[in-house]
Each structure stands twice: as C-alpha cells, then as structure tokens.
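Quick notes on the structure that follows.
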There are 2 protein chains.
Amino acid sequence: MCHYIDKSGYMESEDAILALGALAQSTRLEAFRLLAAHEPDGLPAGAIADALAVPQNTMSSHLAILARAGLIRSRRHSRSIVYRADLARFQQVALFLIKDCCGGRPELCAPLIADLQPCCAPKPKAARRPARAST
Amino acid sequence: MCHYIDKSGYMESEDAILALGALAQSTRLEAFRLLAAHEPDGLPAGAIADALAVPQNTMSSHLAILARAGLIRSRRHSRSIVYRADLARFQQVALFLIKDCCGGRPELCAPLIADLQPCCAPKPKAARRPARAST
DNA sequence: CGAATATTTCGATCATACTAGAAATACCGT
DNA sequence: ACGGTATTTCTAGTATGATCGAAATATTCG
C-alpha cells in the first residue's frame with residue numbers, strides 16, 4: 001500500500017481541501033509560487049506584497065490562509081517576518097490528490113509520472129537525496 | 001494567449017485555479033472521487049446525489065461547478081444524465097500544480113515521483129511525449 | 001397527448017471570502 | 001525611551017458560494 005505519507009504525516013481529506021482552497025486563488029497561488037522559487041531562504045512579507053503589487057494587509061490575510069493550510073511557515077528575522085514554503089507539505093497535498101483520485105486506477109498515474117520525468121531530475125531511486133542547487 | 005488547455009496538455013493558472021477551487025469542497029471532492037472510481041462507465045446524477053446523501057439540486061450545482069472546471073463531463077443516456085470524470089484533465093491539473101511550483105526545483109519533484117512509483121508505475125517504459133523545453 | 005421520471009434552473013437565505021483603510025503590535029537602532 | 005519600520009489585527013463593504021424548496025425542462029412510455 002502506498003496511501004500514506006510517512007514523512008511528517010498523513011493527509012486527510014480535510015487538510016487537502018484546506019490546502020487546495022488556499023491554492024485556488026490567484027494571489028495566494030502566486031505567493032506560494034514565489035516562495036517556492038525562493039525556497040532555501042524565504043521572503044519577508046513586505047517583499048511578497050511588493051512583488052505581487054498587493055497591499056500589505058491584504059497579503060497578510062492571504063499568507064495567513066496559506067499558513068493555516070500548512071503550505072507556508074513564518075519565522076521572525078529581526079524586524080521582518082520571513083515566510084518559507086513548506087515543500088514537504090505541498091508534496092503531501094499533490095500526492096493526496098493524485099493517489100486519492102487514482103485509487104485502483106494505475107493507468108491514471110503512469111502517464112503522470114511519465115510527464116513528470118522530463119520536468120525534474122529522473123532520480124527515482126534517490127528519493128531522499130535533495131540535489132543541492134547553487135545556494 | 002490561450003485561456004484554455006492546449007493540446008499538449010498544459011494548463012494556465014486560471015484554469016488550474018478553477019479546478020483547484022472545484023476540488024476544494026468536500027461534496028465535490030467526494031463526487032469526483034466517486035466518478036473516478038466508476039470511470040469507465042460513469043454515473044447518473046441521481047446516483048451521485050444518492051450515494052453522497054445530498055439533495056439532487058444541490059448536487060446538480062456541484063456537478064455544474066466540476067463541469068465548468070473541466071473535471072467532469074456529462075452525456076445524456078436516455079432519461080438519465082451520466083457524468084464521467086475527465087481523468088486527462090485531472091492529470092493536467094496535478095501536473096500544473098507540481099510543475100508550476102517546482103519550477104527550477106527538481107528536488108521537489110524527485111521524491112514525489114519516488115512516492116508515486118510503488119503506487120502505480122508498473123511500466124517503467126513510459127511513452128514520452130515531445131515536451132517543450134521552455135514554457 | 002398525458003403521466004411519470006430524471007435533472008436542472010430559479011429564488012431566497014445564510015455563511016464565508018476578498019479587499020483594503022485605519023489602528024494596533026512587535027521589533028530595531030540610537 | 002523614542003521614532004521608524006515591518007507586519008498584523010480590526011473593521012466594514014462588497015462579492016461570491018453553499019444549501020435547498022419549488023418550479024421548470026427534458027426524456028420516455030402508454
């Protein structure tokens with residue numbers, strides 16, 4: 001069986017719905033994308049709001065929603081609050097979505113994996129080997 | 001610029017947001033799951049409403065939302081309207097989500113693929129489509 | 001046609017979401 | 001402590017979503 005995620009937890013439908021709802025909004029999706037792109041270091045709230053041309057309080061609401069969904073986390077860094085994407089959590093959401101809906105239907109996942117291969121490093125054996133980029 | 005999904009299976013943010021929003025609701029997620037499970041044949045609207053213990057008109061709204069997101073399709077079958085999950089579309093959503101957020105970050109996708117392998121990848125020889133190098 | 005069945009559309013109600021101005025909170029440097 | 005900066009919380013207005021009873025539409029059958 002492979003329905004469970006043994007990294008930091010296992011995702012229930014409710015959690016997945018929360019995460020999907022958090023990502024189903026343009027500002028939040030872009031914010032998460034931005035944070036994923038800046039993943040090693042994160043980005044302070046003001047920089048996110050500035051990059052997305054959104055008022056800080058509005059962005060603060062969106063960031064709170066993403067955080068409540070577990071997709072991002074914040075930590076204080078002197079005067080700024082730096083947000084980071086929780087990529088493990090994101091993986092869990094993606095996995096839930098795929099596994100949940102392809103339950104008993106391997107033919108759904110196979111082409112998905114095939115499509116994923118050219119995108120990312122084809123190292124399925126080294127799952128726990130995060131290739132360090134230039135950071 | 002295309003606001004729809006092009007033939008190669010790529011998706012715009014707007015479409016993805018629509019699909020994510022459609023799935024970010026318990027009744028709709030369950031409905032889609034149900035339809036995915038019954039995929040070859042589909043299921044009439046009444047049966048879905050009955051299976052999920054939801055009034056027919058309420059379910060009709062949800063099905064309409066899923067259909068507008070492109071995740072399901074309907075076809076008349078005598079007196080009933082049979083809904084089917086559009087698994088290809090679902091794949092596109094999942095792919096968008098993963099690729100979009102792991103852009104430039106292959107280390108995010110690798111473990112995802114690894115986790116997917118035991119679930120459903122009996123055929124390592126996957127038909128690789130001519131993926132465009134850039135987006 | 002007229003009755004029966006399956007599903008959708010209409011209308012109304014209630015709840016939640018998005019947005020942003022203004023005020024409040026937390027931190028830093030001097 | 002004080003002023004400046006970064007961010008959040010408060011608040012309110014508007015918009016969208018969920019739910020479901022009732023009516024309307026579409027199809028089949030007698």
Side-chain angles (χ1 to χ4, degrees), chain A residues 13-35 38 41-86, chain B residues 13-35 38 41-86:
Chain A
S13 292
E14 281 173 40
D15 302 311
I17 285 173
L18 206 62
L20 291 175
L23 292 175
Q25 208 275 343
S26 55
T27 304
R28 289 197 294 265
L29 183 58
E30 297 222 5
F32 183 79
R33 193 163 13 187
L34 190 65
L35 287 176
H38 289 250
D41 307 315
L43 225 54
I48 304 172
D50 199 43
L52 271 57
V54 169
Q56 288 171 349
N57 53 1
T58 301
M59 182 52 69
S60 184
S61 292
H62 287 310
L63 292 174
I65 289 171
L66 284 168
R68 201 175 314 131
L71 289 166
I72 65 175
R73 275 187 295 177
S74 64
R75 106 177 183 278
R76 186 132 222 159
H77 203 278
S78 101
R79 250 181 302 190
S80 303
I81 293 185
V82 175
Y83 280 90
R84 285 191 55 189
D86 190 335
Chain B
S13 292
E14 218 176 310
D15 302 308
I17 285 172
L18 206 61
L20 291 175
L23 293 175
Q25 208 276 343
S26 54
T27 303
R28 289 196 294 266
L29 183 58
E30 297 221 6
F32 183 79
R33 196 166 7 192
L34 189 66
L35 287 177
H38 288 251
D41 307 315
L43 226 55
I48 304 172
D50 199 43
L52 271 56
V54 169
Q56 288 172 347
N57 52 3
T58 301
M59 182 53 68
S60 184
S61 293
H62 287 309
L63 292 174
I65 290 171
L66 283 167
R68 200 175 315 132
L71 289 166
I72 65 175
R73 275 188 295 177
S74 64
R75 100 177 182 281
R76 187 132 222 158
H77 206 279
S78 105
R79 251 182 301 192
S80 302
I81 293 185
V82 174
Y83 281 90
R84 286 191 56 188
D86 189 334

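Please read these numbers as outputs of a predicted model, since none were measured by experiment. Residue numbers start from 1 in every chain, and the chains themselves are labelled A, B, ... in the order their sequence lines are given, proteins ahead of strands.
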Practice task
List for me each residue that meets side chain to side chain contact (heavy atoms under 4.5 Å, CB included) alongside A/Q56, sequence neighbours excluded, and say none if there are none.
Solution key: A/A49
Exercise for the section: Using the test side chain to side chain contact (heavy atoms under 4.5 Å, CB included), find all partners of B/I65 that sit at least two apart in sequence or belong to another chain. Expected result: B/A22, B/R28, B/R68
Problem - Shortest non-hydrogen separation from B/A51 to B/L34 and the atoms involved - result: CB-CD2, 3.8 Å
In whole Å, what is the span from the [atom1] atom of [X] to the [atom2] atom of [N]?
{"X": "A/D50", "N": "D/dT5", "atom1": "CG", "atom2": "P", "result": "15 Å"}
{"X": "A/I81", "N": "C/dA26", "atom1": "CD1", "atom2": "P", "result": "11 Å"}
{"X": "B/L52", "N": "D/dT19", "atom1": "CG", "atom2": "C1'", "result": "15 Å"}
{"X": "A/M59", "N": "D/dT8", "atom1": "CE", "atom2": "P", "result": "11 Å"}
{"X": "B/L66", "N": "D/dA18", "atom1": "CG", "atom2": "C1'", "result": "14 Å"}
{"X": "B/L63", "N": "C/dA6", "atom1": "CG", "atom2": "C1'", "result": "13 Å"}
{"X": "A/Q56", "N": "C/dA26", "atom1": "CD", "atom2": "P", "result": "18 Å"}

Under 3.5 Å between N/O atoms: give me all the protein pairs with nucleotides 23-30 of chain D, atom names plus distance.
{"unit_1": "D/dA26", "atom_1": "O3'", "unit_2": "B/R76", "atom_2": "NH1", "d": "3.4"}

Would you mind reporting whether [Y] and [X] have side-chain heavy atoms less than 4.5 Å apart?
{"X": "B/L66", "Y": "B/L23", "answer": "yes"}
{"X": "B/L35", "Y": "B/L71", "answer": "no"}
{"X": "B/M59", "Y": "B/L63", "answer": "yes"}

Practice task
Go through B/S26 and A/E14 one step at a time and tell me if the side-chain contact (heavy atoms from CB on, under 4.5 Å) criterion holds.
Solution key: CA-CA 8 Å; B/S26 54; A/E14 281 173 40; over 6 Å; no
Handout entry: Under-4.0 Å side-chain N/O to phosphate OP1/OP2 contact, A/Y83 with D/dT8
Key = yes
Exercise for the section: Establish, with yes or no, whether the OP1 or OP2 oxygen of D/dT5 is under 4.0 angstrom from a side-chain nitrogen or oxygen of A/S80. Expected result: no
Problem - Nearest-nucleotide pick for B/N57, side chain only, options being D/dC20, D/dT9, C/dT7 - result: D/dC20
Handout entry: Those residues that, when tested against B/T58, pass side chain to side chain donor-acceptor pair (under 3.5 Å) (two or more places apart)
Key = none
Could you list the donor-acceptor pairs under 3.5 angstrom formed by side chains in residues 74-86 of chain A, with sequence neighbours left out?
{"unit_1": "A/R84", "atom_1": "NE", "unit_2": "A/E39", "atom_2": "O", "d": "3.4"}
{"unit_1": "A/R84", "atom_1": "NE", "unit_2": "A/E39", "atom_2": "OE2", "d": "3.1"}
{"unit_1": "A/R84", "atom_1": "NH2", "unit_2": "A/E39", "atom_2": "OE2", "d": "2.3"}
{"unit_1": "A/D86", "atom_1": "OD1", "unit_2": "A/A88", "atom_2": "N", "d": "3.3"}
{"unit_1": "A/D86", "atom_1": "OD1", "unit_2": "A/R89", "atom_2": "N", "d": "3.1"}

Practice task
Indicate, with a heavy-atom threshold strictly under 4.0 Å, whether B/S60 touches base, sugar-phosphate, or nothing.
Solution key: base
Fill in the blank from the handout: Scoring nucleotides 13-19 of chain C by protein non-hydrogen atoms under 4.0 Å (B base, S sugar-phosphate only, - none) yields -----SS
